[in-house]
Amino acid sequence: MPEPIVEIKNLSVYFYTYAGVVKAIEDVSFDIYRGETLALVGETGCGKSVTSRAITKLIESPGKIVNGQVIYHRDDGSTVDLLKLSDEGIREIRGNEIAYIFQDPHSSLDPLYTVGYQIGEAMEVHGKVRNIKEGIAKAVNILREVLIPDPENRVKNYPHELSGGMKQRVVIGIGVANNPRLLIADEPTTALDVTVQAQILELLNELKRKYNATVLLITHNLGVVAETAQRVVVMYAGKVVEIGTVDQIFHNPLHPYTTALLRAVPNPLGKIEKLESIPGTVPNLITPPKGCRFHPRCPFAEERCRKEVPKLKEIEPGHFVACHRY
Amino acid sequence: MAEETGEYETREEYEMSILDRISDRLIDGFASFIGLFKKDWRRRNQSRIKEWKLMAYAVNRSPPTLLGLIIVIVYIFIGIFGPYLAPWPYDFFPVNYNYSTQLAPPGSTYFLNVTQLQNGYIIHYTTYIHYMLGSDTYGRDILSILLSGARTALVLDIFIILIGPTLGIILGLISGYYGGAVDETIMRITDMFLAFPGLILAIALSAVLPGRIQNFLNAHVWAQTFVLKLFALHPRDVNNLGKLLAVFVALVIVWWPGYARVTRGSTLTEKENLYVEAARAIGLPTRTILFRHILPNIIGPILVMITMDFGGIILTEAGLSFLGLGAVPPIPDWGNLINQGSQQFPQAWWLVAFPGLVIVTVVLGWNLLGDGLRDILDPRTRRSLEFKLKKKSKGGEASA
């Protein structure tokens with residue numbers, strides 16, 4: 001039995017906007033196991049990023065975590081609910097034990113500081129180095145680890161002097177600077193071109209092995225999932241619809257949404273006349289559809305789907321699905 | 001790499017004017033001066049020094065900015081040394097010795113029969129006083145008052161700018177960053193201050209405050225001495241300080257809301273950047289995010305505003321003195337001179353004309369400098385200035 005590092009239980013995040021309350025995620029529950037790479041997939045706006053940010057209370061006003069628990073298992077076996085921690089307490093965990101890699105490397109670095117300074121700052125704030133100067137000296141090693149050539153000189157560069165791929169390596173460097181136990185990578189390759197994407201993913205895998213870290217990989221690229229993850233959580237319109245191992249999800253998808261999502265991936269081996277798409281659009285989360293949120297787009301929808309919210313059910317060991325058909 | 005060296009080569013071929021050479025010398029001198037204290041500073045900050053030089057070139061090519069810079073430097077110089085340069089002390093009243101020195105026209109000379117108590121002896125002597133810019137109702141030399149008054153203006157300027165905008169920037173950062181109830185509270189308070197025209201509020205405050213400030217000063221001798229030293233005043237004038245400081249406090253109170261608004265606006269856009277969220281995600285405390293990451297990124301427009309306000313404060317302060325608030329004679333003050341002159345106008349035109357000219361010049365100087373800074377601090381306009389430089393040098397090559 002794999003031991004969990006983070007257990008997310010009944011997490012709900014609402015955004016209080018002028019147009020109304022956007023129920024960005026509702027009743028999201030899943031576990032992240034120690035040492036695995038867990039992929040969080042779903043289309044744009046389904047709440048993947050919100051879920052990942054809620055783990056360390058990074059939700060900004062007008063957003064609010066209205067319900068739920070995030071149980072974090074410390075190294076010494078004790079557990080703590082991250083959502084109940086004080087600002088000071090959560091600050092000590094952010095970047096130190098749970099680190100983030102954001103999707104757009106072009107804007108996630110402060111343009112006014114050298115990359116060495118920014119890596120050093122991440123270490124300084126958690127007391128890993130005595131001052132920024134020492135941090136910058138250590139940043140050279142970190143840049144070498146994320147495979148940046150000539151790190152002694154690059155450490156003095158400003159973000160605008162680096163290419164997109166290099167910047168993403170720096171961002172990853174900041175993420176791993178404190179040797180975190182959980183690394184949350186929010187679409188780390190979206191802003192990069194395809195040739196660089198593969199390199200970055202390989203780097204992530206390597207660092208994960210080296211540091212023995214756990215990775216939560218957020219993506220909408222199913223190719224990336226198959227390549228790097230062990231388990232997959234599929235989200236749709238703010239809800240978890242299916243959880244399973246990569247094998248289970250790719251070979252035996254149960255939820256109609258997962259099936260449709262997999263069909264929409266073009267297969268380079270087969271001859272395709274037309275790209276498949278899922279009919280309909282993502283529902284408005286201010287007034288989400290009653291019952292199963294996928295029912296307006298689901299080919300198998302029946303009366304029950306319109307009224308009753310399906311619960312996650314374990315169909316086979318480790319394979320959960322929220323659908324009335326099972 | 002080859003491209004880089006190529007760029008530097010063309011830079012060497014800039015058409016250098018004398019001014020460029022002077023500014024290069026000054027910046028190099030400054031860099032070596034720092035180098036004396038911090039080893040290796042010059043080598044590590046090469047690019048920064050180069051940037052400063054380019055900034056100086058941009059200033060050198062914009063005559064208005066240069067003019068503004070010169071005026072401002074002269075103003076600051078006189079503000080510091082003016083009281084010592086003045087031919088006569090500000091509290092010397094020739095009218096006591098020769099009644100006709102009252103409202104003497106520019107260029108006139110009068111003899112004074114001075115009776116003074118010195119070392120226990122009463123001594124009589126005759127001296128003369130030359131009024132280059134005329135005299136006021138007490139027979140005081142206008143030139144001397146203008147020179148001593150520069151100190152009053154400069155000290156008020158600097159201290160109001162140090163306190164007012166700082167307060168505004170801090171409140172604006174907090175307001176913009178936190179949003180919600182905090183934002184509402186701070187901004188509604190700001191609104192209350194903005195609801196009154198600044199001058200009216202300042203008038204009200206400088207009419208109410210002097211008594212309290214005077215009481216405080218009388219109770220604390222250290223504060224007295226400090227303020228007297230600051231304004232280069234004679235200890236005899238200690239009872240006039242209350243009114244002067246009332247203007248100072250009034251202007252500080254009036255001056256922060258504008259900065260709070262501007263800073264809040266910039267913070268609102270800046271905090272949406274991913275690097276702010278990234279900074280939170282690595283666990284930086286909020287004050288570090290505010291002052292180390294957001295503030296440096298929005299400082300450009302605030303800096304320009306501060307420069308412009310150096311002039312604005314002089315103008316407002318003069319306006320208050322003109323209305324009879326603030327500095328009272330014999331404390332040297334430009335606005336106060338104009339106030340005296342308004343009663344004698346147009347016969348004693350020099351009482352209005354010369355202080356007025358000085359105020360206009362200094363305010364203009366700060367505004368020209370602020371305008372120039374805006375162009376230089378905005379990367380887009382500055383690049384275009386640099387391109388102009390480059391084209392010139394290429395044109396020179398082609399013709400040769």
Side-chain angles (χ1 to χ4, degrees), chain A residues 16 49 52-53 55-62 64 87-114 117-127 132 156-161 167 170-171 174-175 177-178 180 184 186 191, chain B residues 1 3-4 7 38-41 43-48 50-51 174-186 266-300 302-303 377 379-380 383:
Chain A
Y16 296 86
S49 293
S52 73
R53 280 161 175 69
I55 292 175
T56 59
K57 293 213 291 187
L58 275 175
I59 302 293
E60 276 271 13
S61 171
K64 212 179 156 206
D87 282 355
E88 197 59 29
I90 194 80
R91 233 179 27 73
E92 276 165 25
I93 288 184
R94 281 182 199 153
N96 191 14
E97 293 181 43
I98 300 179
Y100 285 83
I101 295 166
F102 289 113
Q103 63 169 294
D104 186 2
H106 306 285
S107 64
S108 54
L109 293 170
D110 188 331
L112 294 183
Y113 293 94
T114 60
Y117 182 95
Q118 296 187 51
I119 296 175
E121 189 178 40
M123 290 188 272
E124 188 221 9
V125 67
H126 293 295
I132 293 274
K156 286 176 253 165
N157 281 155
Y158 287 89
H160 75 267
E161 295 172 299
K167 270 189 255 189
V170 171
V171 171
I174 293 175
N178 289 319
I184 299 176
D186 189 352
Chain B
M1 216 45 206
E3 260 182 53
E4 243 178 64
E7 202 179 283
K38 283 185 183 170
K39 264 194 166 178
D40 235 19
W41 188 88
R43 197 179 52 76
R44 277 189 291 111
N45 290 283
Q46 268 174 351
S47 53
R48 183 176 294 174
K50 193 157 255 163
E51 188 77 6
I174 292 173
S175 178
Y177 185 75
Y178 284 103
V182 180
D183 182 26
E184 284 296 318
T185 316
I186 295 178
S266 314
T267 309
L268 278 180
T269 45
E270 201 64 29
K271 78 164 177 177
E272 295 304 322
N273 280 331
L274 203 55
Y275 73 80
V276 176
E277 194 176 11
R280 293 204 304 138
I282 63 169
L284 285 185
T286 307
R287 61 169 188 289
T288 316
I289 297 175
L290 286 182
F291 292 104
R292 208 190 271 171
H293 291 286
I294 294 182
L295 184 59
N297 274 295
I298 60 172
I299 199 72
I302 297 174
L303 220 56
L377 290 177
R380 270 164 299 179
R383 293 294 160 231

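In what follows, every chain begins at residue 1, and chains take the letters A, B, ... in the order their sequences are listed. When reading the values below, keep in mind they use all heavy atoms of this one structure, side chains included, and skip hydrogens, waters and symmetry mates.
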Measuring from atom [atom1] of [X] to atom [atom2] of [Y], what distance do you get when rounded to the nearest 0.5 angstrom?
| X | Y | atom1 | atom2 | result |
| --- | --- | --- | --- | --- |
| B:Arg280 | A:Arg53 | CZ | CZ | 9.5 Å |
| B:Ile294 | A:Asp110 | CD1 | CG | 9.5 Å |
| A:Ser107 | B:Glu277 | OG | CD | 10.0 Å |

| field | Residue A:Leu58 versus chain B: region with a heavy atom under 4.5 Å | value |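 Contact with chain B involves both backbone and side-chain atoms of A:Leu58.
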If I compare all heavy atoms of [X] with all of [Y], which pair ends up nearest, and what's the gap?
| X | Y | result |
| --- | --- | --- |
| B:Arg292 | A:Tyr117 | CD-OH, 3.0 Å |
| A:Phe102 | B:Ala278 | CE1-CA, 3.4 Å |
| B:Gly283 | A:Val125 | O-CG2, 3.5 Å |
| A:Pro111 | B:Asn297 | CG-OD1, 3.6 Å |

| task | Could you point out which residue of A:Glu121, A:Arg91, A:Glu124 forms a side chain to side chain contact (heavy atoms under 4.5 Å, CB included) with B:Leu284? | result | A:Glu121
| request: Could you check which of A:Gln103, A:Glu60, A:Glu88, A:His106 has the highest count of heavy-atom pairs closer than 4.5 Å to chain B? | output: A:Glu60
| query | Are A:Ile174 and B:Ile282 close enough that some pair of their side-chain heavy atoms sits under 4.5 Å apart? | reply |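 In contact.
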